[in-house]
Every structure is written in C-alpha cells, then in structure tokens.
Amino acid sequence: MKAFIFDLDGVLVFTDKFHYQAWKAMADRMGIYFDETINNRLRGVSRADSLEIILERYEGVPLTQEDKDALMEEKNNTYRELLATMGPSDMSDEVRSTLDELRLRGHKLAIGSSSKNTKFILEQVGMGDYFDAVSDGTNITRSKPDPEVFLKAAEFLGESPENCIVVEDAHAGIDAARSGGMTAVGIGEAAGYGKTDFPIKTFSDLLKVPAV
Ligand code: B16
Ligand code: MG
C-alpha cells in the first residue's frame, strides 16, 4: 500500500488569499510594491524566504535580522487573524470524501507542509486529529525544494520514501518530492510542471492515479 503525503496550502485548503492579504498589509505599511504576481512566487516557500522575495522591491535603509523578524511577526499576526475566520466549510466535500476513500482503501495519510501554522489550520477545518502524521514548518530546518519535510513525514509514518506519493501544487514541492525519491502528483500550477510524475485536474482524480 502506498502512503500519501499532502501539501496543505493549495492542495487541501486555499490559504494563499490570506497569505496575500497579510503580506500586502505589511508591504503597504512599509511602502513596498507588492502584487498578486509577486505573491505567486511565494507558493510553498517558507516565511523567511517569502519576506526576502518581497524585500526585492524595498528601497529604504538596510534592515537588520531583528527588523526582518518583526516584519515576519507582523505578517503572521495578521495571517492568524484571517485563519481564525476559517471553518469546516473551508475544506471541500471533494477533498474530504477523497481522503476518506483513500483511507478506506488502506493508504496511510500524512501532511507535508512548509507552514508553521499547519496544526492551527487543520484544527480550524475540523481535521486536527485526522492524519496519521503531520510534518510541517515546525519540525524542519530546510524548506522545499529540500526534501526534509517529506522525508520527515515518511519517517513519522514508518514508510520508505519509495512507497510515498506526494501531492503538491508548487514547483518547489514537486522538486522536493522527486529529490526525496518519492512519486510526485501535481495539482494546480504543478500539474503543468515537467518534473511532475502524475498531473491531476481535480483532487478526486487521485483515486485514478496508478497503484492507488
Ligand atoms: P507560514 P504549504 C506554505 O504552505 C505556503 O504555500 C507559503 O505561501 C507559506 O509562506 C509557507 O507555507 C509558510 O507558511 O508562514 O504559515 O509558516 O503550501 O507548504 O502547505
Ligand atoms: Mg502548497
């Protein structure tokens, strides 16, 4: 039986709009230009790396690490206020029924997300106890495209990487899965990426992936 490792933002839930609003509020306050095209580059990227991308447009006095930490905290506080408005309806019935069917077929199910807010988000949508393992931004030192977050998920599940199928929406996540020796299923933007093993159009297509 294969084990599944799911990315969170962009695969199971769509918190990218909240990331955008929170970064935008910070950027506006700092007078930094930021738009949805730049926001697309933040998909699957860690909080610190996201800030560096936003600061490419910053033209003020040089920032210290303390300044950057404060900016990340400001963004995260706004982001968590927005996450607090989420509820079970923010995870679709299609996602829920597909996960249930995969579990019925005997697959183990895990999370592999860069987000340090993973557990909060899962609780908000009523999935706090659902997964067999959760590997997230709190248990890694290197973010995607490094495979660490997925290798940890496999370790938590007690599975070998070759037995794991990663489901991702970000190119960096597909790269991470492949370099960790896992099969990569791509949805959304990652469906059109050359390194994706199996592109899917909609989440329930997972039930048609070979070996599933
Ligand atoms: P946080 P994923 C990623 O989630 C988001 O796609 C990315 O935009 C965000 O910067 C990253 O989590 C870190 O999130 O600030 O909450 O720790 O796609 O890996 O589930
Ligand atoms: Mg994602």
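Note: hydrogens, waters and symmetry copies are ignored here, and every other heavy atom, side chains too, is used. Start at 1 and go down the list; that is how both ligands and their atoms are numbered.
- The Ser50 neighbourhood of ligand 1 comprises atoms 10 (O), with distances under 4.0 Å to a heavy atom of that residue.
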What do the steps show when you test Phe6 against Phe203 for ring-ring contact (aromatic ring centres under 6.0 Å, His included), and what is the final call?
-> CA-CA 11 Å; Phe6 298 95; Phe203 195 80; 5.8 Å; yes
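- When only interatomic distances are considered, the shortest N/O to N/O separation between Ser113 and ligand 1 falls below 3.5 Å.
- Taking 2.8 Å as the limit, the number of protein N, O or S atoms around the Mg ion (ligand 2) is 3.
- On a distance-only criterion, Arg43 and ligand 1 share no N/O pair closer than 3.5 Å.
- Shown here are the side chain to side chain contact (heavy atoms under 4.5 Å, CB included) partners of Lys116, two or more places apart in sequence or in another chain: Arg47, Thr138.
- An N or O contact shorter than 3.5 Å is missing between Gly112 and ligand 1 by distance.
- Some N or O of Lys116 is nearer than 3.5 Å to an N or O of ligand 1, by distance alone.
- Among the atoms of Ser114, some N or O lies under 3.5 angstrom from an N or O of ligand 1.
- Within the structure, the closest approach of Gly44 to ligand 1 falls below 4.0 Å when heavy atoms are considered.
- Residues that satisfy the salt bridge (Lys or Arg N to Asp or Glu O under 4.0 Å) test with Lys24, not counting sequence neighbours, are Asp28.
- Ionic pairing of Asp175 and Lys195 is present here: one or more N-O contacts between side-chain nitrogen and carboxylate oxygen are shorter than 4.0 angstrom.
- Not counting sequence neighbours, the partners of Glu74 by the salt bridge (Lys or Arg N to Asp or Glu O under 4.0 Å) test are Arg29.
- For Glu66, the CD atom sits in a loose shell: 12 or fewer heavy atoms of surrounding residues, nucleotides or ligands are nearer than 6.0 Å.
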